[in-house]
**Student:** 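Below you will find the structure I want to go over with you.
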Amino acid sequence: MLRPECEKCFGLCCVALPFSNSADFAFNKQAGVPCSNLQQDFRCRIHSGLKEKGFKGCTAFECFGAGQKVSQITFHGVDWHEDAETARNMFAVFPKMIMLHELLWYLQMSMLRTASKPIYNEIYQAFDEIEQLTQLSSDSMMNLDLQLQHAKLNDLFLRTSELVWQEAQRQDMKLSRKKRKNYRSADLMGKKMSGADLVGANFRGAYLIAADLRNADLRAADFIGADLRDADLRGADLTGSIFLTQAQLNAAKGDAATKLPSELDRPHHWQQKVIIKRG
């Protein structure tokens, strides 16, 4: 449900969302205007060579399954080609659905953690409430205050993160004597942290753009809202990390030695060979 099924979508991400000429995109595109690389069958003309052709941002994008929800549920399988008014509504609803599905992802990841057992019922109830919002009509969806929804869940995410850290401390006596490292909203762009002990670190909203995290120990770290664009995760251990998304991984660099949480996939564009440096 929370993974994209592009064959059930109508290329919404290639039409509804805007992008600007930058390191991530080769040209400007306005919201609601189809990308020139989008074909009539809703497939991308340059999908196999997106990075090489200047569309690195496309390889990192993740809709959390919002595309097929909008296409098949909210608009009952009617595609945006068929009616201009339908198209406008679909393009307006799609970003809101992405945000709701991202919240569902965080809640689902919370429910899957054994550490969250003390607050499982609260998480489950919150998941059910957000799922009901995703079933609203397009008109009702337009009026949603998504900032309010996120604010209501923030405390729940914080408590989940703290429970995950406490579980890590119980499982490792060395951690029981350590204070959790707090990098919340920190500017860590290009920071050299290769091989660092960052178990349980709080990276909520941190800027980790191009940070060197090679071989870092990032178990049980909290990555909610962190910017991992071009962060070097080669050889890093991310097992047990919390609130990490596929989009964050897709935007980072990694290799076959990077250890990932079981619920996430190794990006296909990552370097697959392990490079062994010899002194």
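Hydrogens, waters and symmetry mates play no part in the numbers below; they use all other heavy atoms, side chains included.
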**Student:** Count I, L, V, M, F, W, Y as connected when their side-chain heavy atoms are under 4.5 Å apart, and connections chain through other members. Are L144 and I73 then in the same cluster?
**Tutor:** no
**Student:** Does the side chain of H269 reach to within under 4.5 Å of the side chain of N250, using non-hydrogen atoms?
**Tutor:** yes
**Student:** According to salt bridge (charged side-chain N to carboxylate O under 4.0 Å, His left out), does anything in residues 130-158 pair up with another residue at least two apart or in another chain? List the pairs.
**Tutor:** K69-E131, D155-R159
**Student:** Any heavy-atom pair between the side chains of H101 and I98 that's under 4.5 Å?
**Tutor:** no
**Student:** Applying ring-ring contact (aromatic ring centres under 6.0 Å, His included), name anything that partners F75, two or more places apart in sequence or on another chain.
**Tutor:** none
**Student:** Can you name the closest pair of heavy atoms from W270 and D255 and give their distance?
**Tutor:** CE3-N, 3.6 Å
**Student:** My understanding is that only residues two or more places apart in sequence, or in another chain, count here; which of them pass ring-ring contact (aromatic ring centres under 6.0 Å, His included) with Y124?
**Tutor:** none
**Student:** For a quick test of reading the model, state the closest non-hydrogen atom pair linking M97 to T134 and the distance between them.
**Tutor:** CE-O, 3.4 Å
**Student:** More than 12 heavy atoms of other residues, nucleotides or ligands under 6.0 Å from NZ of K53: is that the case?
**Tutor:** no
**Student:** Write out all pairs satisfying side chain to side chain donor-acceptor pair (under 3.5 Å) with one or both partners inside residues 81-96, taking only residues at least two apart or from two chains.
**Tutor:** D83-T86, E85-R88
**Student:** Check A220 against A168 and note the closest heavy-atom contact, atom names and distance.
**Tutor:** CB-CB, 4.1 Å
**Student:** Please collect all salt bridge (charged side-chain N to carboxylate O under 4.0 Å, His left out) contacts where either partner lies in residues 242-254, sequence neighbours excluded, each pair once.
**Tutor:** none
**Student:** Run the side chain to side chain donor-acceptor pair (under 3.5 Å) test against D230 and tell me which residues pass, sequence neighbours left out.
**Tutor:** K56
**Student:** Can you tell me if S22 and D24 form a side-chain donor-acceptor pair at under 3.5 Å?
**Tutor:** no
**Student:** Could you check if a side-chain atom of T74 sits within less than 4.5 angstrom of a side-chain atom of S138, using non-hydrogen atoms only?
**Tutor:** yes
**Student:** Report whether I46 and V15 are members of the same hydrophobic cluster (ILVMFWY, side-chain heavy atoms less than 4.5 Å apart, transitive linking).
**Tutor:** no
**Student:** Indicate the ring-plane relationship of F243 and F157, choosing parallel, tilted or perpendicular according to the 30° and 60° boundaries.
**Tutor:** perpendicular
**Student:** Enumerate the side chain to side chain donor-acceptor pair (under 3.5 Å) contacts for residues 106-120, please, sequence neighbours excluded, ordered by first and then second residue.
**Tutor:** E102-Y106, T114-E167
**Student:** Atom CD of residue position Q147 - does it have more than 12 heavy atoms of other residues, nucleotides or ligands inside 6.0 Å?
**Tutor:** no
**Student:** Using the side chain to side chain contact (heavy atoms under 4.5 Å, CB included) criterion, which residues pair with S20? Sequence neighbours excluded.
**Tutor:** N28
**Student:** Can I get a per-line list of side-chain donor-acceptor pairs under 3.5 Å for residues 194-202, giving both atom names and the distance, sequence neighbours left out?
**Tutor:**
residue: S194; atom: OG; partner: R214; partner atom: O; Å: 3.2
residue: D197; atom: OD1; partner: V199; partner atom: N; Å: 3.4
residue: D197; atom: OD2; partner: K178; partner atom: NZ; Å: 2.4
residue: N202; atom: OD1; partner: R204; partner atom: N; Å: 3.0
residue: N202; atom: ND2; partner: N182; partner atom: OD1; Å: 3.4

**Student:** Given R3 and E62, is the salt bridge (charged side-chain N to carboxylate O under 4.0 Å, His left out) satisfied, shown in steps?
**Tutor:** CA-CA 8 Å; R3 289 178 176 269; E62 172 77 20; over 6 Å; no
**Student:** Kindly write out the residues that satisfy side chain to side chain contact (heavy atoms under 4.5 Å, CB included) with Q125, not counting sequence neighbours, or none if the list is empty.
**Tutor:** E129
**Student:** Does atom CD (Q40) have a neighbourhood of more than 12 heavy atoms from anything else shown, all under 6.0 Å?
**Tutor:** no
**Student:** Q68 and E5: which non-hydrogen atoms are nearest, and at how many Å?
**Tutor:** OE1-N, 3.0 Å
**Student:** Where is the tightest heavy-atom contact between A206 and L188, given as atom of each residue plus distance?
**Tutor:** CB-CD1, 4.4 Å
**Student:** Nearest heavy-atom pair of R45 and N37: which atoms, and what distance?
**Tutor:** NH2-OD1, 2.5 Å
**Student:** Which residue pairs satisfy the ring-ring contact (aromatic ring centres under 6.0 Å, His included) criterion with at least one member in residues 205-242, sequence neighbours excluded?
**Tutor:** F203-F223
**Student:** Sequence neighbours excluded, which residues qualify as salt bridge (Lys or Arg N to Asp or Glu O under 4.0 Å) partners of R43?
**Tutor:** D41
**Student:** Spell out, yes or no, whether F61 and L2 are grouped together once hydrophobic residues are joined by side-chain heavy atoms under 4.5 Å, including indirect joins.
**Tutor:** yes
**Student:** For D227 and R229, what are the C-alpha separation, side-chain angles and deciding distance, and is it a salt bridge (charged side-chain N to carboxylate O under 4.0 Å, His left out)?
**Tutor:** CA-CA 6 Å; D227 192 335; R229 282 177 293 167; 2.8 Å; yes
**Student:** Is there side-chain contact between Q132 and Q135, with at least one heavy-atom pair below 4.5 Å?
**Tutor:** no
